[in-house]
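Working notes for the structure below.
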Amino acid sequence: MNAAPTPVLRIGNASGFYGDRFDALREMLTGGPLDVLTGDYLAELTMLILGRSRLKDPQKGYATTFLRQLEEGLGLAHERGVRIVANAGGLNPAGLAHAVRQLADKVGVPVTVAHVEGDSLPVPDGFLTANAYLGGSGIAACLRAGADVVVTGRVTDAALVTGPAAAHFGWGPDDLDALAGAVVAGHVLECGTQATGGNHAFFGEHDPARLRRPGFPLAEIHADGSSVITKHDGTGGVVDLSTVTAQLLYETGGARYAGPDVTARLDTVRLLPDGPDRVRIDGVRGEAPPPTLKAGLTRLGGWRNEVVFVLTGLDIEAKAALVKDQFADALQRGGARPPAEVRWELARTDHADADTEERASALLRLVVRDQDADAVSRTVSGAAIELALGSYPGFHVTAPPGKGAPYGVFEARPVPAAEVEHIAVLPDGAREVIEPALLTQDVADVDEPPLPDPYPSGPTRSAPLGLIAGARSGDKGGDANVGVWVRDDDAWRWLAHELSVERFKELLPETADLAVVRHVLPNLRALNFTVHGLLGEGVAAQARFDPQAKALGEWLRSRWLPIPVSLPADVPLPEVTA
């Protein structure tokens, strides 16, 4: 990007998802020095949303919010010499690039615009979208050609950082350690304020005023790929070892974190405090990327409807049993085929002798799904609402039953990298083909590292795991990921031996019949669990109360187990029980 690159490249983030804080782009551009500002707008569910948008208007299919942010942001970035890189192009990066040029002409800002395409794959019958996850090389080519704004379609989240860093420092495909360091920094930045105290397990340890409006993160990238994670001075939030660890574990798996640019070894990551709101990341080793790219496919999976019955006061279980029996009978008497999937869930949110009606109430949730829209629409809503005057005392629902709505399915498949066209469309319109990596390596599990010596046996007391450990959880298709970490060596000695797969399943009974894989990351004092199949067909299918497993880690932290008395410090706990 520069003839004589500066020793530090400051890359910020202004979006973690499509719908993130609108004014973040302005805040990052005006809050302090930056070289590059990135925005992540795409997720598995977003691609389905954009696919449906494109069906209505073939000229769309990109994140329109990004354009509105640029109405002011283009001028600010130009004044400050900040380049903008975002995957807001979604399914139509060329269309977004054209719209950015039109906006630049309209507001009178002389910027050059480039885009990356080629991620779009032939869409199989029955699917809505099909896109490969590209790396950062196309972004790097656009920046080397002088682009001020680069928009992409589906790239890996970390590519928004590896591309600018490779362009700035002149890295090539063989600079695996440097690229791996940038991948790790990119993974920390990608979800915005999750790296600066948002959604953090130990939020209660900080002044609430600091967490009211966390600032967005930035990474100071060095030529060797090491980095410092921080934020603009004076912004809210917290950057410390714990917030960075949490984000490192988010939606990852084992020690090898594979991508199109490099496979980063998460078991080599070292985190060190580097001053207030500064955490240094170094030591990251890289390996050749795999010969395949991840491809994400979305389709409409069927139709879904939901009714939530409110059960108040006494006899909650009996009331739930009555309405379930009545609903089944109403469907049968109506002569309609029952939906293919009927799920009931009773959430005991009620309290005895409650001081408000809401606190005295439980929620009985009915979810139905079927390939046929008629099977979940008026037949179901009619059967539910006709009970209004002939069911349990106090009958009411949270909202009138509707007609039902379509739900989506996300599938991930490998595709040979050599079969995917990766093209950088430069500011002058020239098309530069990005060749796939020549050196590749299949991804295999690493040997499990040796565990630390067990924590000495002694008196224990039953207490929540969360008094000792933090957790961060999320989704990858139909699988859920739960990262668990502790903050000192003694707690690590205990956690590494105590939280086995068997104990994990015992604490989270919903996972008991599923395949659960545990990965050990000693450098982070962390365990990463992958729960296969917990989320069914993925977030868009909404097969579960928490369809993205966002709170799965917090459920785990709330579970009680025997904890050595000698571990917790300054935390009130129950009496010793063993």
Side-chain angles (χ1 to χ4, degrees), residues 1-14 28 31-38 40 80-85 135-137 139-144 150 156-192 195-196 215-233 239-241 243-245 247-248 257 259-289 523-524:
M1 289 168 63
N2 300 315
T6 56
V8 175
L9 181 69
R10 293 173 63 89
I11 303 179
N13 169 280
M28 289 300 289
L34 276 182
D35 300 302
V36 179
L37 184 58
T38 67
D40 181 8
R80 290 160 172 77
V82 178
R83 291 178 168 181
I84 295 176
V85 179
S137 298
I139 296 171
C142 292
L143 293 171
R144 282 194 293 262
V150 181
T156 65
D157 301 334
L160 301 176
V161 172
T162 60
H168 183 80
F169 294 112
W171 298 338
D174 296 332
D175 293 308
L176 296 176
D177 291 345
L179 287 167
V183 163
V184 170
H187 182 64
V188 174
L189 294 189
E190 70 179 67
C191 287
T196 57
F216 277 69
L218 63 92
E220 299 172 353
I221 311 286
H222 296 260
D224 63 355
S226 64
S227 63
V228 172
I229 305 299
T230 184
K231 60 187 184 67
H232 284 324
D233 292 342
V239 177
D240 62 19
L241 293 177
T243 67
V244 174
T245 298
Q247 182 55 28
L248 271 178
Y257 186 55
D261 298 309
V262 65
T263 294
R265 288 291 297 259
L266 299 183
D267 54 348
T268 63
V269 175
R270 290 195 302 252
L271 302 181
L272 297 169
D274 195 59
D277 288 318
R278 293 175 61 84
V279 171
R280 180 173 176 79
I281 301 175
D282 67 15
V284 187
R285 302 303 301 271
E287 298 173 344
N523 279 12
L524 301 177

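The first residue of the sequence shown is numbered 1, and numbering continues consecutively from there. All heavy atoms count here, side chains included; hydrogens, waters and symmetry mates do not.
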Closest non-hydrogen atom pair between [X] and [Y], with its separation:
X: Ala182; Y: Trp171; answer: CB-CZ3, 3.8 Å
X: Ser226; Y: Asp282; answer: CB-CB, 3.9 Å
X: Gly136; Y: Ala159; answer: N-CB, 3.6 Å
X: Gly12; Y: Met28; answer: CA-CE, 3.9 Å
X: Phe216; Y: Asn13; answer: CB-O, 3.1 Å
X: Ala185; Y: Ile221; answer: CB-CD1, 3.7 Å

Exercise. Output all residues satisfying side-chain hydrogen bond (donor to acceptor under 3.5 Å, both in side chains) with Gln247, sequence neighbours left out; order by chain, then residue number.
Key: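 By the side-chain hydrogen bond (donor to acceptor under 3.5 Å, both in side chains) rule, Gln247 matches Gln194, Arg472.
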
Quiz item: Quick one: are Leu271 and Ile281 in side-chain contact, heavy atoms under 4.5 Å?
Solution: yes

Practice problem: For residues Pro217 and Val239, determine if any side-chain heavy atom of one lies less than 4.5 Å from a side-chain heavy atom of the other. | Solution: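 No; the side chains remain at least 4.5 Å from each other.
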
Exercise. Would you check, one step at a time, whether the test side-chain contact (heavy atoms from CB on, under 4.5 Å) holds for His168 with Thr6?
Key: CA-CA 8 Å; His168 183 80; Thr6 56; 3.3 Å; yes

How long is the straight-line distance from [atom2] of [Y] back to [atom1] of [X], given to the nearest 0.5 Å?
X: Leu248; Y: Tyr257; atom1: CG; atom2: OH; answer: 9.5 Å
X: Leu179; Y: Asp177; atom1: CG; atom2: CG; answer: 9.0 Å
X: Arg83; Y: Leu9; atom1: CZ; atom2: CG; answer: 10.0 Å
X: Leu241; Y: Leu272; atom1: CG; atom2: CG; answer: 7.5 Å
X: His222; Y: Glu220; atom1: NE2; atom2: CD; answer: 6.0 Å
X: Thr268; Y: Asn523; atom1: OG1; atom2: CG; answer: 7.5 Å

Exercise. Apply side-chain contact (heavy atoms from CB on, under 4.5 Å) to the pair Asp40 and Cys191, showing each step before the final yes or no.
Key: CA-CA 8 Å; Asp40 181 8; Cys191 287; 5.8 Å; no

Quiz item: Out of Ile11, Leu34, Thr196, which residue meets the side chain to side chain contact (heavy atoms under 4.5 Å, CB included) rule with Leu218?
Solution: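 So, applying the side chain to side chain contact (heavy atoms under 4.5 Å, CB included) to Leu218 and each of Ile11, Leu34, Thr196, only Leu34 qualifies.
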
Exercise. Let me see the working for Phe169 and Asp175 under side-chain contact (heavy atoms from CB on, under 4.5 Å), right down to the final yes or no.
Key: CA-CA 11 Å; Phe169 294 112; Asp175 293 308; over 6 Å; no

Practice problem: Spell out, as yes or no, whether a donor-acceptor pair under 3.5 Å connects the side chain of Thr230 to the backbone of Asp277. | Solution: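 Confirmed, Thr230 side chain pairs with Asp277 backbone.
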
Quiz prompt | Arg10, CZ atom: more than 12 neighbouring heavy atoms under 6.0 Å | solution =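 Yes, the 6.0 Å shell around CZ holds more than 12 heavy atoms from other groups.
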
